[in-house]
Participant: 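Have a look at this one.
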Amino acid sequence: MDTDFDGCMKLIREVTVELPIYLANSLNSLRLEGQKTAAIEILQQFDWEVPDWVIGNLGNIYVFYKGFQMCKELGLVDKIPRLVCTQAANANPLYLYYKSGWKEFSPLKATTTFAYAIQIGDPVSIDRAVFALKNSGGIVEEATEEELMDATAQADSTGMFIFPHTRVALTALIKLRNRGVIGGSDRTVVVSTAHGLKFTQSKIDYHSRAIPGMECRFANPPVEVKAEFGAVMDVLKDYLWSYSKRH
């Protein structure tokens, strides 16, 4: 459809009123009950030791709170993590709301972002997200396009292959760590909800330095090599020599 996420959401809500089609997104309470199990899994994997911080996007923040709070009420843990909600700067209505001191929420027209699944200017889960943030001592942070692409390259260089929306969360981690908000010994979970293979073009463009106006500081440019043993060896020797000098 010739519209963005907000336009699709508006249309599907109208469609489900008229037709026997099931609305299964985050407006649906059953969807939330399923999503909250992510919080329980985090606690299980930490052997029921609560992490200090959990970083995710607006669509997940409330369900994380819901799952952690349920575990606290059941006596499985004695506290919940502080939550960090991350947004792309090109689609940041919650961030602006947070920076205003929660004075007034104003929907906006989201502009293009590499993290296009969160290119949302009028999120339907806004009230739930605010509730979760206020009750967990939470923070909202944003990521510019350059910041999120740089974070991708840094993460991928460690062997990960992350996707755009995790890039936004990693940017928040880096910024909050640099400001001293998240301490060096704090246990922090960054939630990734997909794999980078679903979003390869932006990675290719970044490492090829083909994104207009972006420095691409951590680019690892591809090298074209003839299909000959000698040509391949020359490139590898040059690479290994430069690597050994750096390290």
Side-chain angles (χ1 to χ4, degrees), residues 1-39 55-67 83-100 104-133 140-145 147-149 151-152 162-172 190-206 211:
M1 290 186 287
D2 186 19
T3 185
D4 57 12
F5 184 97
D6 295 313
C8 289
M9 190 68 243
K10 179 178 182 296
L11 286 166
I12 196 62
R13 292 174 77 172
E14 293 172 355
V15 167
T16 53
V17 169
E18 298 296 328
L19 295 174
I21 294 176
Y22 191 75
L23 182 63
N25 89 329
S26 54
L27 283 174
N28 188 309
S29 58
L30 295 180
R31 159 79 173 260
L32 303 181
E33 292 304 306
Q35 280 183 282
K36 78 179 183 186
T37 59
I55 307 176
N57 63 44
L58 191 151
N60 292 325
I61 282 297
Y62 173 72
V63 293
F64 293 153
Y65 173 79
K66 188 176 177 67
L83 301 176
V84 179
C85 185
T86 62
Q87 293 201 293
N90 288 356
N92 64 349
L94 179 62
Y95 175 76
L96 297 176
Y97 189 21
Y98 170 76
K99 295 297 286 185
S100 75
E104 184 176 359
F105 174 72
S106 298
L108 52 78
K109 176 66 176 176
T111 55
T112 303
T113 172
F114 287 111
Y116 57 80
I118 56 173
Q119 186 177 315
I120 304 169
D122 189 12
V124 297
S125 301
I126 185 70
D127 292 335
R128 293 190 183 113
V130 172
F131 178 84
L133 290 163
V140 186
E141 188 53 83
E142 66 173 358
T144 67
E145 296 303 289
E147 285 173 338
L148 68 89
M149 290 303 296
T152 304
I162 65 171
F163 80 125
H165 314 94
T166 305
R167 305 169 189 175
V168 179
L170 278 175
T171 298
V190 174
V191 178
S192 179
T193 54
H195 194 275
L197 285 174
K198 293 176 66 179
F199 306 89
T200 55
Q201 191 59 51
S202 61
K203 293 174 181 283
I204 293 169
D205 291 344
Y206 180 91
I211 303 174

Participant: With sequence neighbours left out, what residues match K109 under salt bridge (Lys or Arg N to Asp or Glu O under 4.0 Å)?
Facilitator: D4
Participant: With sequence neighbours left out, what residues match F105 under side chain to side chain contact (heavy atoms under 4.5 Å, CB included)?
Facilitator: P93, Y97, P107, D122, P123, I126
Participant: Listed by chain and number, what are the ring pair (Phe, Tyr, Trp, His ring centres under 6.0 Å) partners of Y62, not counting sequence neighbours?
Facilitator: none
Participant: Using every non-hydrogen atom in the two residues, find where R167 and S202 come nearest and quote the distance to one decimal.
Facilitator: NH2-OG, 2.8 Å
Participant: Are the side chains of I55 and T86 in contact, using a 4.5 Å heavy-atom criterion?
Facilitator: yes
Participant: Please enumerate all residues that pass side chain to side chain donor-acceptor pair (under 3.5 Å) together with N28, with sequence neighbours excluded.
Facilitator: Y22
Participant: Start with the C-alpha gap between L23 and M9, add the side-chain angles, then the distance that decides, and say whether side-chain contact (heavy atoms from CB on, under 4.5 Å) holds.
Facilitator: CA-CA 10 Å; L23 182 63; M9 190 68 243; 4.1 Å; yes
Participant: Measure the spacing between OG of S125 and CG of N57 and express it to the nearest 0.5 Å.
Facilitator: 10.0 Å
Participant: With L96, which residues qualify under side chain to side chain contact (heavy atoms under 4.5 Å, CB included), at least two apart?
Facilitator: N92, L108
Participant: Looking at side-chain heavy atoms only, is the closest gap between E145 and T113 below 4.5 Å?
Facilitator: yes
Participant: Taking only residues two or more places apart in sequence, or in another chain, which ones meet D6 in a salt bridge (Lys or Arg N to Asp or Glu O under 4.0 Å)?
Facilitator: none
Participant: Which residues satisfy the side chain to side chain contact (heavy atoms under 4.5 Å, CB included) test with T3, sequence neighbours excluded?
Facilitator: M1, C8
Participant: Roughly how far, to the nearest 0.5 Å, is CG of L133 from SG of C85?
Facilitator: 5.5 Å
Participant: Using the test side chain to side chain contact (heavy atoms under 4.5 Å, CB included), find all partners of A151 that sit at least two apart in sequence or belong to another chain.
Facilitator: L170, T171, I174
Participant: Any side-chain to backbone donor/acceptor pair from K99 onto V140? Under 3.5 Å, distance only.
Facilitator: no
Participant: Do Y95 and E141 come within less than 4.5 Å of each other through their side chains, counting heavy atoms only?
Facilitator: yes
Participant: For N60 and Q35, which I'm curious about, is there any donor-acceptor pair between the side chains at under 3.5 Å?
Facilitator: yes
Participant: Filter on side chain to side chain donor-acceptor pair (under 3.5 Å), then keep only pairs touching residues 191-200, sequence neighbours left out; what's left?
Facilitator: T166-S192
Participant: Give the minimum heavy-atom separation between A132 and Y65, together with the two atoms involved.
Facilitator: CB-CB, 3.5 Å
Participant: Any side-chain heavy-atom pair from I118 and Q87 closer than 4.5 angstrom?
Facilitator: no
Participant: What heavy-atom pair brings T112 and N90 nearest, and what distance separates the two atoms?
Facilitator: O-ND2, 2.6 Å
Participant: Please give me the minimum heavy-atom distance between I211 and M149, naming the atom from each residue.
Facilitator: CD1-CE, 4.1 Å
Participant: Using residues 11-19 as the side-chain source, report each donor-acceptor pair under 3.5 Å to any protein atom, sequence neighbours left out, with the distance given to one decimal.
Facilitator:
unit_1 : atom_1 : unit_2 : atom_2 : d
E14    : OE2    : K10    : NZ     : 2.8
T16    : OG1    : I12    : O      : 3.0
T16    : OG1    : R13    : O      : 3.1

Participant: Among all residues two or more places apart in sequence or in another chain, which pass the salt bridge (Lys or Arg N to Asp or Glu O under 4.0 Å) test with E147?
Facilitator: K175
Participant: Heavy-atom distance under 4.5 Å between the side chains of L58 and I120, does that happen here?
Facilitator: no
Participant: Test of understanding: with ring pair (Phe, Tyr, Trp, His ring centres under 6.0 Å), list the residues that count as partners of F5, not counting sequence neighbours.
Facilitator: none
Participant: Under the 3.5 angstrom rule, does the side chain of T37 hit a backbone N or O of E33 as a donor-acceptor pair?
Facilitator: no
Participant: Could you pull out the closest heavy-atom pair between I61 and V84, with the gap in Å?
Facilitator: CD1-O, 3.4 Å
Participant: So, for F199 and F114, is the gap between ring centers shorter than 6.0 Å?
Facilitator: no
